[in-house]
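Worksheet: the structure to be examined is printed underneath.
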Amino acid sequence: MQLSKPPLFSFDECLWFLDRRYDECMYQVNKAEVVKAIFIDRTPFLFSVRQNNEELLIKVLVGKPDRKQMAAIADYVADWFDINTNLQPFYSLLSKNKKLAYMATEFKGLRLIGIPDLFEALCWSIIGQQINLTFAYKLKRRMVEAFGERIEYGGHIYFLFPECERLAALTVPELRAMQFSDKKAEYVITIARAFAQKQLSKELIQSLPDLKSKQEALIQFKGIGIWTANYALMKSLRQPASVPHGDVGLLNALSNHGIKKDRSETVKIERLFKQFKGWESYLVFYLWRSLAVREINH
DNA sequence: AACCAGGCTGCGC
DNA sequence: GCGCAGCATGGT
């Protein structure tokens, strides 16, 4: 299966981001490919993505997808790498900002890497609340390895994100044993139950008319604040105007670029995001990417 | 060893 | 509606 690469798409930039520095358990990046396991209608598949000159090549490694399932895998990849967005307007906006213009060349072709599964996106953002990312990835790995299904292939074990029914059946002490705090454990279980009972789903949030109603629908649930809602809407529903305001990484990146000096300069931040109307989430993503560069250059 | 980390809830005004 | 303390749990 192939997907043709659009203009301003760099698979290498995307792979670099996927592999940037953390102990990610939801996929494996090798030299020129990424390998990942997902469910399509409850059936697990393992696939790899690599590229040639013109195309992204998807190869199914485990599982025998029919035509429909193969199309669903391709859709997943297209969504994951956001290949159907034309980045030109974003780059035009970047070029008008002296402090950020370099990003259009430095990160050229980088796509906003998504988390297509809303349940996964919400669990991940809850796990990541107010703890450093190193620890957050550790917590996620423990949970996924304990409760997610696995596929063995070529000497590796690939994990699927646990299904909501599985996490809905957990008790707080089970997650506490993995060093979740009481609150985090409660939140994850609550969200899992909401998904298991169909009170919450990607389709449901998608069906709401505008960003505000989507945010409000998510914030109802305990453990989902405005930061978490915006993060999930940005990574899973690809709402371009969704910005996780107050995000520590975002603030650090803004300060690195001399756009703000202390945490209270909300006016300058608002002004910046106004310049990027329709591309706010891409701006956040590129600012996050700039942090990774700094830490690796050290 | 102190301060920080991709925040949230609950309370007081 | 807004600001702020308190919170939980490791990383550096």
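Throughout, protein chains are lettered first and strands after them, A, B, ... in sequence-line order, and every chain is numbered starting at 1.
If A:Pro244 and A:Lys183 are placed on DNA chain B by their nearest nucleotide, the residue sitting closer to the 5' end is A:Pro244. The residue among A:Arg176 and A:Thr134 whose nearest nucleotide of DNA chain C lies closer to the 5′ end is A:Arg176.
Atom CD1 of A:Ile113 is separated from atom P of B:dG6 by 19 Å (rounded to the nearest Å). As a whole-Å value, the separation of A:Ile219 CD1 from B:dG7 C1' is 13 Å. A:Ile127 places its CD1 atom 13 Å from the C1' atom of B:dG6, with the value rounded to the nearest Å. We find that CG of A:Leu291 is positioned 13 Å from C1' of B:dA5, with the value rounded to whole Å. For the pair A:Asn132 CG and B:dG7 C1', the computed distance is 14 Å after rounding to whole Å. Atom OH of A:Tyr22 is separated from atom C1' of B:dA5 by 10 Å (rounded to the nearest Å). Summarising the geometry, the separation between CG on A:Asp247 and C1' on B:dC8 is reported as 14 Å, rounded to the nearest angstrom. Taking atom CD1 on A:Ile131 and atom C1' on B:dC8, their separation rounds to 13 Å, with Å as the unit.
Enclosure of atom NZ in A:Lys202 by more than 12 non-hydrogen atoms of other residues, nucleotides or ligands within 6.0 angstrom is indicated. Counted within 6.0 Å of NZ on A:Lys108, heavy atoms from surrounding residues, nucleotides or ligands total 12 or fewer; the atom is thus considered open.
Minimum atom distance to the side chain of A:Lys222 is reached by B:dG10, of the listed B:dG10, B:dA5, B:dC8. If you check B:dA5, B:dT9, B:dG6 against the side chain of A:Tyr137, the one that comes closest is B:dG6.
Contacts of A:Tyr231 with the nucleic acid, taken as non-hydrogen atoms under 4.0 Å apart, include base atoms. Using a 4.0 Å heavy-atom cutoff across all strands shown, A:Thr228 reaches sugar-phosphate atoms only and no base atom. At the heavy-atom level, A:Lys184 lies nowhere under 4.0 Å from the strands shown. In this structure, A:Gln130 reaches the bases: a heavy-atom distance under 4.0 Å links it to at least one base atom across the strands shown. Nucleic acid contact for A:Phe221: sugar-phosphate only, since backbone atoms but no base atoms lie under 4.0 Å from a heavy atom of the residue.
Applying the side-chain contact (heavy atoms from CB on, under 4.5 Å) test to A:Gln88 and every residue at least two apart in sequence or in another chain returns A:Leu8, A:Asn86, A:Tyr91, A:Ser92.
Within 3.5 Å, no donor on the side chain of A:Arg289 pairs with an acceptor on the base of B:dG6, nor the reverse.
When the side-chain nitrogen and oxygen atoms of A:Asn230 are compared with OP1 and OP2 of B:dG6, none of them lie within a distance under 4.0 Å.
Exactly one of A:Val60, A:Ile40, A:Asp75 qualifies for a side-chain contact (heavy atoms from CB on, under 4.5 Å) with A:Met70. That residue is A:Val60.
B:dG6 sits 24 Å from C:dG3 when the P atoms are compared, rounded to a whole Å.
For A:Phe276 and A:Trp279, the ring centers sit 6.0 Å or farther from each other. Aromatic ring centres of A:Phe17 and A:Phe107: separated by at least 6.0 Å.
For A:Lys235 and A:Trp124, the positive end is not near the middle of the six-membered ring at less than 6.0 Å and at most 45° from its axis.
A salt bridge links A:Arg289 with A:Glu13: the distance from a Lys NZ or Arg NE/NH1/NH2 to an Asp or Glu carboxylate oxygen falls below 4.0 Å.
Once you apply a 4.0 Å limit to the heavy atoms of chain A, the touched nucleotides of DNA chain C run 5' to 3' over C:dA8 to C:dT12.
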